[in-house]
Every structure is written in structure tokens, then in C-alpha cells.
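For reference, the structure discussed in these notes is given below.
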Amino acid sequence: MKLDLLGDRQRTHYCGELRKEHAGQTVFLAGWVDVRRDLGNLIFLDVRDHTGRTQIVCNPAISSAVHDRADEVRPEYVVGVEGEVVARGPGTVNPQLATGEVEVMARALLVLNEAKTPPFPIEDETKTSEETRLRYRYLDLRRGRMQRNLRLRHGSSQVVRAHLGEQGFQEIETPFMTRSTPEGARDYLVPSRLHHGYFYALPQSPQLFKQLLMIGGFDRYYQIVRCFRDEDLRADRQPEFTQIDIEMAFPQRDVLFDIIERLMEKLFALVDVKVERPFARMAYDEAMEKYGSDKPHTGFGLEWKKINIPSTIAPRLTTQNQPVKYLKAMRVPGGASISNSWLGKLEEHAIAGGADFVRTVKVAKIGAQLQIMRELFQEATRTLGMTGNDSGDLVVLLGTAESSGEISLSRRLAEASNEVRWELADKLGVDKPSTRNFLWVVDFPMFDYDEKEKRFAAMHHPFTSPREEDLEKLESDPGAVKALAYDLVLNGSEIGGGSIRIHRQDIQRRVFKVLGLSDEQARERFGFFLEALEYGTPPHGGIALGHDRINALMAGESSIREVIAFPKTASAVDLMCESPAGVDPEQLDELGLRIATEPTEG
Ligand code: ASP
């Protein structure tokens with residue numbers, strides 16, 4: 001088809017702008033054909049841009065050339081329309097459309113470009129597979145929903161910059177081509193052409209650089225920054241993701257928390273959500289006991305309580321011939337109405353999830369239990385503070401017994417209890433409250449004991465400071481040392497995490513020792529940083545917030561891919577530009593590399 005040229009025509013309005021007040025004006029709109037309706041005599045085109053849609057009337061009585069042209073256009077053709085805005089008659093107003101009170105009588109219709117039939121219709125709600133959407137992401141991005149999501153993200157980045165700028169934070173860029181950072185995931189590596197056999201690592205976060213900026217005297221730093229982690233992707237992770245990375249010198253945790261809380265308040269105001277400040281705080285140990293998770297959703301009850309097994313029944317309370325060691329109980333209000341077959345499945349899931357012992361008991365049915373269970377149940381209801389007025393309730397008991405697993409008993413119990421809680425919440429439909437429950441989880445353990453490797457690992461990263469009052473236990477009882485680390489959780493999602501850092505060389509060296517890193521190894525990995533610590537490092541600390549996740553939660557999306565313009569799939573593939581991809585043998589030669597294995601299908 002013969003295309004028209006735009007020439008010097010200037011758009012007068014966006015497609016979502018026209019209202020009754022514009023009636024009588026001559027306008028020039030430009031955009032994509034959203035829908036074309038051919039009523040024989042009249043052809044209607046809805047023309048769309050990022051602001052909305054306007055109905056265009058192509059009437060041969062006004063211009064037969066326009067009508068002929070309109071006959072040729074199809075959805076997603078790019079057009080320019082000149083015409084007069086007219087108010088629609090009362091019966092033809094479209095209340096669904098912001099511009100629904102008017103339409104434009106076309107006097108000229110320019111077809112600026114054609115389009116192949118798109119593989120899926122461009123509409124807000126779509127049933128198209130995500131694979132197809134990602135393959136044709138540029139078409140997917142035209143959908144109103146994606147437009148809104150990414151524009152919201154733009155707005156939220158602006159809010160971050162304004163808020164942190166006001167608080168004296170400087171936006172400073174740090175390198176992407178660097179060396180291994182301390183987050184402990186796998187690095188993405190970039191081979192060096194000039195130094196064969198040497199590699200840059202892409203940063204898992206700017207952790208060391210932001211600490212160096214504090215040593216460098218910048219006082220307050222932030223950056224909206226890409227981070228790279230080569231992990232086996234869990235459902236909602238991306239190999240590259242964006243953090244709001246923050247660090248400050250001479251920090252007080254409460255000052256940092258307040259800055260972040262007010263940032264959240266401003267961000268959620270963008271989606272008309274009022275955020276209650278100050279945010280609740282909960283110690284890690286309490287979170288693990290009550291919810292089995294260090295990122296609990298506290299917006300609904302269903303809390304666990306630790307049960308002391310009465311000594312009278314302890315010897316008899318066994319599973320697979322092992323005594324039950326740790327026991328937790330939960331009261332499920334109204335849970336008696338859940339079917340036994342569903343509870344049976346729940347019990348199976350609990351076992352698969354790591355529990356060794358599980359019982360679901362409807363309060364009204366307790367009389368039918370064996371005597372040992374009745375005694376145990378009595379203890380549980382007493383600990384749970386149940387009054388006897390709860391015959392419609394259910395009690396769930398969950399335990400772990402001694403075994404030679406690789407994960408500690410208490411960890412296994414926590415994981416299983418978290419899963420059981422979520423399944424029950426889902427079943428009862430209580431897991432989607434309309435409130436936003438922000439929570440600081442604090443007092444994390446400094447170290448995690450790796451049962452497999454038989455050694456301690458840093459729970460956060462090795463530059464996290466222990467609590468001052470725990471310093472003396474560092475060598476004698478590392479497992480009991482708490483860190484000055486904190487996570488920010490929103491409705492069960494971790495949206496940020498950080499810590500007060502170690503600023504003293506002597507403490508840093510002691511922490512490395514506990515981690516089993518010799519001076520030599522520490523110097524090899526982080527030598528430049530350890531050297532910097534020797535030149536007057538101020539106390540400092542910070543946090544990194546998950547920009548993708550926060551935007552997804554603001555937009556009401558469950559996947560971060562919905563707020564990233566060009567995301568990768570769960571297998572780290574970009575379906576649109578088909579990366580990763582092979583490279584020319586010459587490129588490998590230049591880099592001094594040889595592929596040792598056959599390429600695997602992506
Ligand atoms: N660098 C840390 C992370 O990415 C965050 C922090 O400690 O500030 O998890």
C-alpha cells in the first residue's frame with residue numbers, strides 16, 4: 001500500500017485528551033489503529049496512543065478519500081488524522097472511554113505505516129502466553145497495562161531521587177565491570193581481551209563500592225542500580241534486577257528506618273495507598289517461631305506457638321521410633337469446617353516440607369483421640385490460650401524428630417510450619433488482606449551453621465556488624481551472636497535488606513576467622529577493601545531495596561516481569577533478542593577462550 005508522509009504536521013492533542021469542551025476545534029491526532037468497525041457507509045477507527053483512545057468517524061459524505069483510505073487500514077497501522085471534534089449525541093456517548101463524549105470527523109487520514117497482523121490483540125487483559133508476550137515484547141508494551149506499569153515505575157524512580165536528594169544522599173555510579181562482591185551468589189563473568197585468562201565480574205550489588213564511598217567521605221550515597229546474580233532462577237527472580245542502593249556514614253538504625261519509611265509512604269501514595277508509620281518491628285527469632293519465616297506476612301493471624309512436650313508423654317511421643325524434639329501448634333479459627341481429605345493432604349505436604357510429625361485435630365473431635373494425643377492437645381490448647389469456646393476450630397501440631405539430615409531440626413520445623421501456614425491461609429482465603437503490612441525484621445543471627453560443610457556462613461554478608469553487646473561471644477559462641485542486620489518485609493515479600501557494617505579492621509578480621517577465611521584468603525578476595533578499612537573508616541550502614549519488587553507490589557502485579565520492560569524468562573533467556581547467543585570463533589580467539597562443551601539448548 002502507498003504510505004503517506006508525515007511532512008511537517010504536528011500533533012495537536014494526544015488520543016486520550018479530547019473532551020466536550022474541544023467540540024468545534026480542528027485537531028490532528030496520531031497513533032495506532034486500535035479497532036476498526038466498518039458499518040458499510042461509515043467506518044469507525046479507534047486511534048490509540050499511550051494516553052488513551054479517540055473514536056474517528058470516516059464518512060464518505062465528508063471525504064470520500066478518507067473513507068477509501070480507512071477501508072484499507074487494519075489494527076496497529078500507524079495513522080494521522082485531521083478533523084473536527086464533535087460532541088456525540090446522548091445515545092452514542094461511550095462512558096467506558098475517557099474521550100467517550102466526543103468523536104473526530106476525519107477530513108484527512110494519513111496512513112504513516114502498515115503493520116503485520118499482531119500475534120495477539122493489544123488489550124489490557126490478555127490470555128496470551130507469557131512466552132509469546134516476551135517474544136514480541138514491543139507489542140506487549142503497547143498494552144495499556146504495561147504502559148501504566150512502566151510509567152508508574154518511572155514515577156517511583158523520580159520519587160526515590162527526590163526523597164533521597166532532599167535527605168542529602170548523593171547519586172553516584174559504581175562500576176559494572178568489577179570483581180566478585182560478597183553477596184555469595186554465582187557471578188556473571190566478563191572475559192578480558194587485554195588480559196587473557198582474567199575476568200571481570202558483574203556486581204551482585206555495589207556493596208563494597210558504597211562502603212568505599214563512605215570511606216571516601218561522601219556521607220550519604222544512593223543509586224538506582226542494576227545487580228547481577230547467576231542463580232538458578234526461582235519463580236520470580238531475574239538474573240539482572242534493580243536495587244535502590246543506599247549507604248550512610250555515622251548511621252543510627254532508627255534514622256535510616258525513618259528515611260525508608262517515609263520513602264515508602266511517598267511511593268505508595270502514587271497508587272493512593274496510605275501507609276501507616278512507624279512500621280512494626282519483629283525479631284528474627286520471634287518471626288521464625290510464630291511464622292516459620294523471616295519474611296512473614298503479618299496481615300492475618302494463623303500464628304504458631306512453641307509447645308513444651310510434657311515430660312509425662314515425652315518418652316512415648318515418637319515418630320519412626322525417634323522421639324519428637326521440637327513441637328509447634330497453631331489454632332485455626334473456623335478450621336473444623338475443612339474437610340478431612342484436605343487435611344490429610346495438608347499432613348502429607350507438611351511431611352514433604354520437612355516435618356516428621358503432624359496432627360490436625362478438630363477441637364470437637366478430640367475426645368476420640370488416643371490418650372497421649374489428648375494430653376498433648378491439652379498442653380497445646382493451654383499454650384495457645386484457647387478458652388474452650390472453640391469447637392469450630394482446628395489445632396495443628398507439627399514437630400521434628402532427631403534424624404541425620406543436613407538441615408537443622410529447628411530449620412526444618414520452621415520451613416514446614418511456614419508452608420502449612422500458607423496452605424491454610426490460602427484455603428481459608430485470608431491471605432489477601434487489603435492492608436499493606438510493612439514489617440522490619442531485626443536481630444538476625446550473624447551466622448548460619450552449614451550442617452553439610454560443618455562451618456559457619458555469614459547470614460547476610462561478611463561485612464555486617466555483630467551487635468556490640470555480642471562481640472565477646474564472637475569466637476566462643478558464634479551461633480548466639482546477633483547481627484545489626486534488618487530486612488524490610490511487605491505482605492510476606494522481602495523488599496529490602498541491609499545492615500550496619502563493620503568499620504573496624506580488628507572486628508572484620510575476627511569475623512573472617514569465624515567464617516573460616518584465613519588472612520590470606522580474605523586478602524585474596526577483598527584485599528583492596530581491607531586495606532581501605534585501615535585508613536580511617538567511619539561507622540556506616542545502609543540498605544538495598546528491591547525496586548522491581550516494590551513496583552510490582554505497587555502495581556498489584558504478582559510477577560516482577562510485569563514491571564520490567566525487557567525481562568528474561570525463568571531460564572534466564574531473552575526470547576525477543578534471543579540471548580544468550582553464540583559468538584563468532586574470532587571473538588573467542590580474541591578473548592583467548594575455547595568452548596570445551598557442546599552448546600546446550602537454551
Ligand atoms: N548489598 C546487600 C544486598 O544486596 C544489601 C546491603 O547490605 O545494603 O543484599
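In each ligand, atom 1 is the first atom listed, and ligand 1 is the first ligand listed.
For the 3.5 Å distance criterion, the side chains of Thr174 and Gln223 qualify, holding a donor opposite an acceptor. With 3.5 Å as the limit, one finds a donor-acceptor pair spanning the side chains of Asn418 and Trp422.
Taking the six-membered ring where the residue is Trp, Phe463 and His461 present tilted rings, their angle falling between 30° and 60°. Relative ring orientation between Phe209 and Phe528 is described as tilted, the plane-to-plane angle lying within the 30° to 60° band.
Among residue pairs with one or both ends in residues 149-160, those qualifying as salt bridge (Lys or Arg N to Asp or Glu O under 4.0 Å) are Arg153-Asp548; sequence neighbours excluded.
Protein residues with a heavy atom under 4.0 Å from ligand 1 are Glu183, Ser205, Gln207, Lys210, Arg229, Gln243, His460, His461, Gly497, Gly498, Arg501, Ile543, Ala544.
Of the residues listed (Phe279, Phe444, Tyr284, Phe257), the one engaging Tyr486 in a ring pair (Phe, Tyr, Trp, His ring centres under 6.0 Å) is Phe257, and it is the only one.
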